[in-house]
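Here's the structure we're looking at; comments come further down.
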Amino acid sequence: MPLEEIQDLQLDEKYLQPDTAEINGILMSKMISDNWDDIWNFQARPDDLLISTYAKAGTTWTQEIVDMIQNDGDVQKCQRANTFDRHPFIEWTLPPPLNSGLDLAKKMPPPRTLKTHLPVQLLPPSFWKENSKIIYVARNAKDCLVSYYHFSRMNRMVPDPGTWEEYIEKFKAGKVLWGSWYDHVKGWWDAKDRHRILYLFYEDMKEDPKREIKKILKFLEKDVPEEVLNKIIYHTSFDVMKQNPMANYTTLPTIIMDHSISPFMRKGRSEGGTLTCLYSCSNHGILPCFIFFLKNYFTVAQNEEFDKDYEKKMAGSTLTFRTEI
Ligand code: A3P
């Protein structure tokens with residue numbers, strides 16, 4: 001869609017902070033659930049590449065890396081369109097004149113690179129049947145939660161997050177769009193041994209982008225000269241992507257995303273659980289008391305509760321995360 005048209009877009013209020021509905025117990029926006037039959041029956045192709053993630057796990061970053069690989073490091077080619085028009089987001093259903101993921105995907109000549117946040121059990125079965133390649137990227141729960149909270153404040157196409165305290169509870173209970181983080185990362189982890197899935201971690205990408213990009217190259221059966229590899233690393237670094245309007249979502253009108261509330265490219269870090277901020281307050285003016293906050297907004301009490309709940313939900317899985325690099 002041309003940039004001027006996007007900027008002038010007027011959207012009916014019903015599309016903003018949309019109603020939600022469940023599909024097999026997974027919370028989705030009503031626009032997705034109303035269109036579910038078409039999404040479920042989506043026809044994948046053997047040469048499709050699907051980038052799958054839980055929301056806020058580094059999808060856009062991975063999309064940019066993949067696009068740079070597919071275009072042999074040609075930055076101009078990667079700036080041909082917005083991320084969301086380059087790689088159809090298959091379940092994302094939008095009102096005209098915006099492009100819904102399915103429509104875009106159907107119009108796109110193969111080989112296509114597609115995006116999804118669907119939990120593994122809701123992936124259209126044609127992806128399994130056609131044996132399409134899938135890159136799954138996972139990010140640790142706390143950083144996903146914090147990022148998702150801020151994203152939900154600035155993006156009016158997802159439900160209002162409520163307060164931070166409310167949002168932590170919603171996240172733990174999986175009552176956010178695309179459902180439980182815990183089930184999502186575990187579900188795809190279990191699927192990776194049965195299908196052509198490259199399972200990557202955001203934290204590994206932060207730690208050593210070169211190593212992780214090489215994994216993607218191998219998975220895509222591509223080879224690029226060292227100088228192109230270095231160009232890809234540079235162009236897909238947080239600082240460079242933050243300035244790239246074709247990758248940072250700033251071309252959307254503020255009625256959809258308001259970057260003054262919180263930028264889409266917010267911090268791009270793994271903040272885990274380090275204690276960084278000491279806040280002192282007066283306890284009824286008598287004794288000063290101290291509240292420790294973690295770098296990522298959790299109070300110590302919230303952090304402890306979160307960790308306890310996390311242990312229960314992740315028990316029995318071989319999947320482990322690093323929270324800091
Ligand atoms: P933060 O909100 O923690 O900054 P998604 O694309 O899945 O919506 O994920 C968005 C998150 O990935 C945001 O996290 C964003 O800043 C981060 N991100 C995007 N591009 C990145 C990059 N090149 N390097 C590191 N993080 C990046």
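Fair warning: this is a prediction, and the values are worked out from it, not measured in the lab. In what follows, every heavy atom counts, from backbone to side chain, and hydrogens, waters and symmetry copies are set aside. Atoms within each ligand, like the ligands themselves, are counted from 1 in listed order.
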- Task: With heavy atoms of Ser237 as the reference, note each atom of ligand 1 found under 4.0 Å away.
- Result: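 Matching atoms, with element in brackets: 23 (N).
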
Would you say the rings of [Y] and [X] are close, in the sense that their centroids are separated by under 6.0 Å?
| X | Y | answer |
| --- | --- | --- |
| His184 | Trp178 | no |
| Trp92 | Phe84 | no |
| Tyr148 | Phe171 | no |
| Tyr199 | Trp188 | no |
| Tyr149 | Trp164 | yes |
| Tyr167 | His150 | no |
| Trp181 | Phe321 | yes |

From [options] - option closest to [atom] by heavy atom:
| atom | options | result |
| --- | --- | --- |
| atom 3 (O) of ligand 1 | Met241, Arg139, Met154, Met205 | Arg139 |
| atom 7 (O) of ligand 1 | Ile51, Thr62, Thr59 | Thr59 |
| atom 22 (C) of ligand 1 | Tyr202, Trp61, Tyr54 | Trp61 |
| atom 20 (N) of ligand 1 | Lys206, Met265, His235 | Met265 |

- Message: Going by salt bridge (charged side-chain N to carboxylate O under 4.0 Å, His left out), name the pairs with one or both residues in residues 28-38, residues two or more places apart or in two chains.
- Response: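 As it turns out, the salt bridge (charged side-chain N to carboxylate O under 4.0 Å, His left out) pairs with a partner in residues 28-38, which skip direct neighbours, are Lys30-Asp34.
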
- What part of Phe151 sits under 4.0 Å from ligand 1 if we count only heavy atoms: the side chain, the backbone, both or neither?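 The answer is neither.
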
How far is [atom] from its nearest protein heavy atom, and which residue and atom is that?
| atom | value |
| --- | --- |
| atom 13 (C) of ligand 1 | Ser147 OG, 3.8 Å |
| atom 8 (O) of ligand 1 | Lys56 NZ, 2.8 Å |
| atom 15 (C) of ligand 1 | Phe264 O, 3.9 Å |

Which atom pairs, donor and acceptor, lie under 3.5 Å between side-chain atoms of residues 309-317 and protein residues at least two apart or in another chain?
| from | atom 1 | to | atom 2 | distance (Å) |
| --- | --- | --- | --- | --- |
| Asp309 | OD1 | Lys313 | NZ | 3.0 |
| Asp309 | OD2 | Lys313 | NZ | 2.7 |
| Lys313 | NZ | Lys172 | O | 2.8 |
| Ser317 | OG | Leu319 | N | 3.1 |

[X]-ligand 1 polar pair, N/O distance under 3.5 Å:
| X | answer |
| --- | --- |
| Ala57 | yes |
| Arg269 | no |
| Arg266 | yes |
| Thr60 | yes |
| Thr236 | yes |

